[in-house]
Amino acid sequence: MNMPILRLNKLSKTFERRSFWNATRPLSYAVRDVSLDLVKGETLALVGESGSGKSTLGLLTMNLLTASEGSVVFNGKPLEKAGAKDMARFRRTVQIVFQNPSAAFNPRRTVLATLAQPLLLHGKPSKTQLRARVDELLETVGLTPAAAFRDVFPHQLSGGQRQRVMIARALSVDPDFVVADEPLSSLDVTVQAQILDLLIRLQRERDIGYLLITHDLALVGEVADRVAVMYRGRVVESGPATTVCDAPQHPYTRLLMASTLSADPNERRIGAADTARVFDVPRDDGAGCSFAGRCPLAESQCKTEVPVLGRSGQPGTEVACHVIQRRDGDV
Amino acid sequence: MSERGQYLKYLLGTARFAVSRLLQSLGLLLGVVMVMFLLIRMAPGDPVQAMVGDFPVPDEYRDQVARQYRLNDSWLVQFMVYLGHVARGDLGYSYASHQSVGGLILERLPATLLLTAAGLISAAAMGIALGTWSAVSSRRSTRAVLDMFVLVGFSIPTFWLGQMLVLLFALRLGWLPSGGMSDARAESTGWASLLAAGPYLVLPAVALGIRELAATARIAKGATMGVLSEDYIVTARSKGLSSAATIRRHVIRNAALPTIASLGYRVGLALAGAVTIEVVFSWPGIGRLLYQAILARDNSLVVGVILVIAVLVIIANLVTELLYRALDPRIRGARHVR
Amino acid sequence: MSDEASPLGARKNRAELFSWANTLRSGYGLVGSITLAILVLAALFSPWLAPYDPHAISSSYLGPPSGEHLLGTDLVGHDLLSQLLHGARVTLLVAVTAAVISFGLGVLIGSLAGYFRGPVDAVLMKVTEFFQIIPSLVFALILVAMLGSHLWLVTIAIGITIWPQQARIVRSQFLTLREREFVQASRALGFSDRHIIFREIYPNALGPVLVQATLDIGIAILLETALSFLGLGDPNKASWGQMLFGAQEHLERAWWIALWPGVAIALTVLAVNFVGDALSEWFNSRSDVGRVSLQKRKNVASPPAAAPSRTGDGTALLDVQDLTVHLRRGAKVVRAVDRAEVKVRPGERVGLVGESGSGKSMFSRAVLQMLPSANVETFTGRIALDGIDLMRLNEADMRRVRFEDLSIVFQDAMTYLNPTMRVGKQITEAMAGLSATDRQERTRQILASVALPTTTRFMRRYPHELSGGMRQRVLIAMALASQPKLLIADEPTTALDVTVQAQVLRTLVAVHTKTDMAMLIITHDLAIVAEVCDRSFVMYGGQIVEEAAVSRLFSEPRHPYTRGLMASMPGKSDYRLGKRLTGSVVDLTDVPTGCRFAARCELAHDRCSTEPPWVRIGDEGVRCWLFADESGPIGRSTDKPADSKEVTTS
């Protein structure tokens, strides 16, 4: 396996919610004690529901947010200790693709200007070189002929085309790693498939690593090498994508898998049964496993002691669950 | 938790909120006094001269006056002494009118409160009605007329409008008195005189209110238009509610929130407007008092009036915020479930 | 909306009364700029335009307007017209300079607060709060009174009392823009803060800042006027305000002294406000393009049918035939729905699948008769619910249908619930003709059926106190409150997490099995159709392109678009074959004359340049030339003879 490009080392992020109306409120944890290795050429899918902290983790990885605890380690050095030179290298190595392509562009700039800026920042190309580079980028992401797209403004493009330009912008600095935060979810179904194909092709051609942040488990099964499942700011299960998808261990992962819709009318998963259970998701007071309130396996230990990631019965996967760990430990 | 418990919790939260707001406001008031003191310090001219009047006096008398009012001390000492007095409810002594500042202000305050309350409340009520009506109206031209009225209202100098009203209704037509607050022959005093002030109140209140009417109408219109394009209005209509029911149950309350939120701010502006209006109409309020104090360089009175205006604005803001809290369940927020 | 019942004719007459206002409204910018231009020119050329030297003293003091002195003379005998023209210079200079000062201070302080945030922001916001507590007129008054009345001091005093509004605007622009993704992307690319502030934030914050700067000119004029009126203006500079000073005592004898300067001030400020208003309209229209507000539908011209004709084949609960909805968007026409045929039988669960821009949401709005009336260009066809043609009902009758027979569940429960109304009330208000206690009882039943708590405490909650899944179920409960015959669910689970989506879909299915209500589920997600529906329609480019039983649709999709859709679903076996659709959804403002899918279709051939017919195959159907021959001669394959005409008309 490749050496990790980035190491997320025990990252935590808290948001102090000081509201105007209530002077003090408890801290809210967005990310708690997450450690991950991000590797070139590999796709790590980060899965979770809204509010699980997966997007915050993406921003932390990009150093667009500063971690409250822990650090992002790049080149063996934590980023907070990195100098200007290291930082510039970090910016050229790691890039991000956002969910919403309509908000991701300065509306006053043409595609050419948008793509030219990072090229000018990280080098001094001549005017013709610049234009050639931009055309090349546009062609790489499938916007051909490039001449038709150079001089248009973002709002004149379709959603899929904008997403392609966004990918081109990320590629402009020739990164080794891309954080893709829900890159498909604002696109039409048929366009989603096109963009996904593009991302896969780029990975193959350029050996790019991805942190694919998504809520779509079907997608994970298709493209990810590894997967980390997040719940309430913590990673509760991680491992090879196929293993986790086929044999989920953590009760939350199982719930996720069971909730995924089948794409086959002959194998429906939504029956009329099981309507009695209402999720009035219990408040999380920080003590114990944050899934305990919803968990069918929960025991007394789960309410008092926070489970940490540890080996599970499945090879290569880790789970943070007292019950599973004990069961597999006994075997 | 029981309903009653919830309610108690809400009341407690509100009280805590009110106290913390008031404490924050104290800091601001301190700032206000400080700025005033600095300005007075920077002002050219001799306060002693202003105090003793425009005729030559013996130097001993000047010294005595300066000592009496601590005019030779540094401004910081004066400031601290002043704060001490204010904390005890003493706003100082007006040299020009030889009366205590507190007494002077208290005497004049009811008139200003009456004027601004009359102007602001009637303007706000009409403004909300006009704004809501024009937003709900399906005719574009209704809104266009309102927009026009609003801009005209924002463009006319308040005091000039007062002058024109006097010209027309008092001097030409003779329908209403041109100034003052009561008939000179009337005997009534204090709060009782307020009742007799009715006819005297009309013109200044109108002059003061036009701008506030325009402002409230604009905010109410914007808020209502905003609510009308909300998704829950679609829901209401898809439920089969009539237009009238939709407006009554779903539009008015939600549209009232931003309008109410703006009212506290408007109190300050209305008080500022009252300064010129009171001058135009010889209205015996604190606005005219401020004007006279400035002309007479009666500094302690100036600071006193400013302080009172600031307190009035702070109270108005607090009241609107409390009203807002009562009307918008979202910011009570005690029972949040994710 | 209050005039809903009034006949169209009377409304038109009343509207014409104010039509001049509409015309003026659209010309604010022009009128304001021309007025301002004239004013500036008059001020610049005042020495040549003024009939007299403004300081020249004529023999007639307090002279009324006359041929000699057009606007009259003042106390000393100055010609008022000449004074007014010269005063324009002073007033405009003071106002513009003060506005520039305010702009500079506002942008600087707003930027500092918005950029540094935290304690810097807190302190600076306290400073602006200070200016809110002491109104600008009062503060300017004190400043001038204490420091002196030179013109430049007055100008500065005005400038430093009116900046807080600008600062607040700049600050909020900073705070919103810096969270925007394009700014984040610039940071990720390694751009400096300077680049981000000057190249990304300022250009995009320009609109509101410019508008405020314009309005500040008007505010400054009014302040200068008020200061001068109180005798605190510069006595050596005859501004308009200065002209008003002293007019007070002569109001009775010489009204003209006070009138003209006031008119000049009001007109100037009005012109400034016109320009400001036009600017803000312009910036707003650029920033949110194509937002449509939903108001009532057009009044139906034909009288309400006294006895609604029973139409349709009797077996369908919802029978939509030949439904066409075209909407205006600017100068373009959006062909949102074209000749759609949809049938839903009682008790059925039917899907309507399409991507964004397929027209599926406008279809549901059309069925509810809730199209954005101002933008409707064409709205024809027949929509029969239980035999009653909804197109022919008047608003009151349609309201009753929505109240009793037809309900809809929308996508985003947070925005579709009234934030300030208790959820119980929102449910009960959708119920017809029950006593208060019966309503309570019925509400409990409905809450139970959607697996929500039935306690009074729950009913007294507000939407923001509930989780997303609970809110969506409240929306469903609301739709069920009237025991409708047909429930339309428009993207009912799109915004929800997978686990919650599964619960909500389960709830919908459970509710359906307990009643004989029919459901039309509108979605972009084929998986939802696979899980929940019996039959489904597929929509593309405003047209129904396929109708099939769900098992058939998934095992053997007919239309090339449906096949492409299947191949785009991760997890479907077709997905791995990698046969993707190219391009994106057809633009509804610019549809081709032939098959709307042809541009993306691998199997397109020359026949596709004419519009394909609706080919009926048993209970199912497809709109594609590929199937036109298989099922027999054209005459039989189209469901009605009119189809051959359709080809030529479109």
Side-chain angles (χ1 to χ4, degrees), chain A residues 49-50 62 64 87-88 91-92 95-96 98 100 103-108 117-118 121-122 155 158-161 166 169 173 188-194 196-197 215-219 221-222 255-256 258-266 268-272 274-281, chain C residues 180-182 184-191 195 199-200 203-204 289 355-357 451-453 467-470 497-503 505-507 509-510 513 524-533 550-551 553-554 564-565 567-572 575-576 578 580-582 584-585:
Chain A
E49 53 197 39
S50 57
M62 289 301 301
L64 291 172
M87 209 53 214
R91 289 297 179 211
R92 268 178 282 130
Q95 274 304 308
I96 187 164
F98 290 104
N100 183 1
F105 297 102
N106 189 329
R108 290 163 192 280
Q117 288 222 309
L121 181 74
H122 295 287
H155 68 265
S158 74
Q161 289 167 340
M166 182 142 58
R169 177 171 62 191
V173 295
D188 277 327
V189 186
T190 53
V191 180
Q192 285 186 6
Q194 299 166 11
L196 192 63
D197 288 348
H215 67 276
D216 188 350
L217 287 155
L219 202 63
E222 292 295 334
L255 176 67
L256 272 185
S259 303
T260 315
L261 302 184
S262 136
D264 184 346
N266 299 317
R268 292 187 172 174
R269 292 177 195 163
I270 307 288
D274 197 26
T275 50
R277 285 177 61 206
V278 184
F279 287 116
D280 191 354
V281 179
Chain C
R180 289 281 292 278
E181 282 158 352
F182 70 86
Q184 296 270 23
S186 293
R187 289 177 60 202
L189 284 163
F191 283 105
H195 170 97
R199 303 296 299 278
E200 310 285 349
N204 286 295
V289 192
E355 295 175 83
S356 61
L452 283 172
S467 67
M470 287 171 122
D497 287 320
V498 273
T499 55
V500 183
Q501 161 168 295
Q503 297 164 38
L505 288 179
R506 269 190 201 112
T507 307
V509 171
T513 46
H524 71 280
D525 189 352
L526 273 171
I528 291 177
V529 173
E531 287 284 0
V532 179
C533 297
V550 166
S551 54
L553 191 73
F554 281 77
L565 214 48
S568 302
M569 284 175 75
K572 274 289 286 182
Y575 182 83
R576 293 190 191 99
R580 306 282 186 261
L581 287 180
T582 53
S584 52
V585 179

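Order of the sequence lines fixes the chain letters, A, B, ..., with proteins taken first and strands second; residue numbering starts at 1 for each chain. Hydrogens, waters and symmetry mates play no part in the numbers below; they use all other heavy atoms, side chains included.
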Residue pair A/Q117 / C/E200, side-chain heavy-atom distance below 4.5 Å:
yes

If you tally heavy-atom pairs under 4.5 Å against chain C, which of A/G160, A/A218, A/P107, A/A193 wins?
A/A193

Hey, does A/V189 have a side-chain heavy atom less than 4.5 Å from the side chain of C/D525?
no

Leading residue by heavy atom contact count with chain C [cutoff under 4.5 Å; candidates A/V191, A/D216, A/I96, A/D188]:
A/D188

Check each atom of A/R169 against the heavy atoms of chain C and say whether the ones under 4.5 Å are side chain, backbone, both or neither.
both

Nearest 0.5 angstrom please: C/M569 CE to A/E222 CD, how far?
11.0 Å

Given that the side chain runs from C-beta out, which part of C/L553 has a heavy atom under 4.5 Å from chain A: side chain, backbone, both or neither?
neither

Short side-chain to backbone donor-acceptor contact, A/R91 and C/L189, under 3.5 Å:
no

If I compare all heavy atoms of C/Q184 with all of A/F98, which pair ends up nearest, and what's the gap?
CB-CZ, 3.5 Å

Whatever's closer than 4.5 Å to a heavy atom in chain C on A/T190 counts as both

Determine the option with the most heavy-atom pairs under 4.5 angstrom with chain A, choosing from C/V532, C/N204, C/V550, C/V585.
C/N204

Looking only at heavy atoms, what is the nearest atom pair of A/P118 and C/F191, with distance?
N-CZ, 3.7 Å

Has the side chain of A/Q95 got a donor or acceptor atom that lies under 3.5 Å from a matching backbone atom of C/A188?
yes

Where does A/A103 contact chain C at under 4.5 Å (heavy atoms): side chain, backbone, both or neither?
both

Go through C/P203, C/G564, C/G469 and name the one with the most non-hydrogen pairs under 4.5 angstrom from chain A.
C/P203

What pair of heavy atoms forms the shortest contact from A/R268 to C/C533, and how long is it?
NH2-O, 2.6 Å

Tell me, do A/L261 and C/Q501 make a side-chain contact under 4.5 Å, heavy atoms counted?
yes

